[in-house]
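Beneath this line is the structure, given in structure tokens, with notes to follow.
Scope of the values below: all heavy atoms of this structure, side chains included, with no hydrogens, waters or symmetry mates. For the single chain, residues carry numbers from 1 onward in sequence order.
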Amino acid sequence: MRLKSDSWLLTKPIAHRGLWGEDAIENSLSAYKNAVINGYPIEIDLYSSIDGKLFSFHDQDLERMTGKKGFIYQKTAKELKSLKLKGSNESIPTFDEVLSVVDGKVPLLIELKDQPTKNYVDKVIERLKSYKGEFAIQSFNPMYIKRVKKLAPFFLRGILGTKTYSKGLPFIKRQVVKYMLLNSIIKPDFICYSFEDLPLKKSKTKRLPVITWTITNEKDYKRVNLFAKNIIFEHFIPKK
């Protein structure tokens with residue numbers, strides 16, 4: 001097992017989309033700065049613009065966070081930078097901007113989001129090869145993690161899974177996401193599974209450490225401590 005028991009990935013609660021709330025919007029530079037100031041690792045999501053620029057944003061649809069219709073990967077970088085997050089003065093941050101703000105001060109847990117843009121995973125890997133801070137990569141898409149394994153086998157990599165949130169997927173994808181059917185091929189270092197669906201059977205984890213998402217209160221935090229090594233959190237501050 002490459003992931004040591006004292007790794008940040010298993011010991012330090014991870015701020016979901018940054019440390020956000022009334023004073024900062026999710027997936028914003030302000031939320032990332034808050035997490036850095038408070039010493040929390042940060043979970044971020046990555047998409048690519050249609051012209052190949054990497055952005056930190058959770059939803060594929062822009063409307064909830066910007067009021068603009070359309071998918072993020074259908075817009076140019078210039079179009080995306082012109083948008084504001086929920087009427088604030090903050091724009092959608094680029095991956096470069098996030099890395100500049102974090103600057104190795106806290107670790108990053110980076111989710112690769114499904115999208116049609118070519119060479120998307122390759123670009124993420126290439127950018128991270130020159131980054132000096134700690135990080136790990138995860139995705140629901142096992143083919144993305146397989147690509148990471150091939151191009152950067154030294155990167156820590158994890159597979160995301162869920163039963164609760166897989167219902168809208170096509171049957172085959174739903175089975176892959178629920179049961180992590182390709183783990184023997186991609187050889188993840190960890191599993192990141194929805195907290196509602198814990199505990200997982202040992203036959204599914206194969207002794208891999210489990211992280212869970214997204215914990216929003218102390219009650220759930222205490223419950224999942226029995227089944228997971230670490231949590232991704234929001235809306236409350238867990239004791240570190």
Side-chain angles (χ1 to χ4, degrees), residues 1-5 7-10 14 41-58 60 71-74 77 94-96 98-99 102 104 107-162 165-166 169-194 200 203-213 229-230 232:
M1 185 181 295
R2 299 193 308 161
L3 196 54
K4 296 181 180 179
S5 60
S7 167
W8 65 268
L9 200 54
L10 306 181
I14 302 165
I42 305 167
E43 183 269 351
I44 67 171
D45 311 280
L46 289 185
Y47 277 105
S48 172
S49 63
I50 196 169
D51 50 352
K53 187 73 173 179
L54 297 171
F55 282 84
S56 176
F57 197 74
H58 177 267
Q60 67 170 347
F71 295 148
I72 185 169
Y73 47 74
Q74 294 174 334
T94 66
F95 191 32
D96 283 338
V98 176
L99 295 181
V102 177
L108 288 170
L109 179 56
I110 301 163
E111 180 179 343
L112 304 180
K113 306 291 283 191
D114 256 342
Q115 63 170 80
T117 309
K118 292 182 179 179
N119 300 319
Y120 157 62
V121 178
D122 298 38
K123 287 185 177 181
V124 175
I125 292 170
E126 189 60 33
R127 179 62 186 88
L128 284 170
K129 282 183 176 179
S130 63
Y131 181 64
K132 303 303 182 183
E134 293 183 289
F135 63 87
I137 293 179
Q138 62 179 1
S139 182
F140 283 103
N141 187 332
M143 293 299 98
Y144 284 178
I145 301 304
K146 183 181 179 184
R147 187 68 175 167
V148 173
K149 176 177 176 288
K150 179 179 180 180
L151 297 182
F154 46 92
F155 284 7
L156 287 175
R157 57 186 182 268
I159 190 70
L160 280 155
T162 179
Y165 302 102
S166 65
L169 296 175
F171 177 77
I172 297 299
K173 284 189 175 182
R174 186 164 69 247
Q175 299 306 302
V176 169
V177 168
K178 286 174 64 175
Y179 301 115
M180 302 169 290
L181 297 178
L182 299 182
N183 281 8
S184 61
I185 297 173
I186 65 175
K187 298 189 183 306
D189 297 297
F190 63 95
I191 290 168
C192 194
Y193 217 86
S194 53
L200 294 174
S203 60
K204 298 301 180 185
T205 64
K206 302 292 185 183
R207 297 184 179 178
L208 289 172
V210 176
I211 301 168
T212 192
W213 51 275
K229 294 292 186 180
N230 198 11
I232 300 171

| task | Of all the heavy-atom pairs spanning S139 and I159, show the shortest one and how long it is. | result | O-CD1, 3.3 Å
| said: So D114 and Q60, do their side chains get closer than 4.5 Å, heavy atoms only? | reply: no
| message | Counting the benzene-type ring for Trp, do F71 and Y47 have ring centres under 6.0 Å apart? | response | no
| task | Identify the residue among T212, L160, T205 that makes a side chain to side chain contact (heavy atoms under 4.5 Å, CB included) with I191. | result | T205
| Is there a side-chain contact between L208 and F190, using heavy atoms and a 4.5 Å cut-off? | no
| field | Closest heavy-atom pair and its distance - Y131, G104 | value | OH-N, 2.8 Å
| note | Heavy-atom closest pair (V176 atom, P142 atom, distance to 0.1 Å) is CG1-CG, 3.8 Å
| query | Testing I14, I137, L99 for side chain to side chain contact (heavy atoms under 4.5 Å, CB included) with L108, which one passes? | reply | L99
| request: Could you tell me whether the side chain of Y120 and the main chain of Y144 form a donor-acceptor pair under 3.5 Å? | output: no
| task | Verify, without hydrogens or angle tests, whether Y193 (side chain) and K178 (backbone) share a donor-acceptor contact under 3.5 angstrom. | result | yes
| field | Closest non-hydrogen atom pair between M143 and L182, with its separation | value | CE-CD1, 3.6 Å
| query | Between the main-chain N or O of S48 and the side-chain N or O of Q115, is there a donor-acceptor pair closer than 3.5 Å? | reply | yes
| Does a sphere of radius 6.0 Å around NZ in K129 hold more than 12 heavy atoms from other residues, nucleotides or ligands, not counting ones at 6.0 Å or beyond? | yes
| Where K4 and L10 come nearest, the two heavy atoms and their spacing | O-CD1, 3.6 Å
| field | Counterpart residues, salt bridge (Lys or Arg N to Asp or Glu O under 4.0 Å), relative to K229 (two or more places apart) | value | none
| message | Evaluate S49 against D51 for side-chain hydrogen bond (donor to acceptor under 3.5 Å, both in side chains), listing each step before the verdict. | response | CA-CA 5 Å; S49 63; D51 50 352; 2.5 Å; yes
| request: Taking all non-hydrogen atoms of both residues into account, name the closest pair between K53 and A77 and its distance. | output: CB-CB, 3.7 Å
| query | Any donor and acceptor pair, going by atom type alone, linking the side chain of R157 with main-chain N or O of K187 inside 3.5 Å? | reply | yes
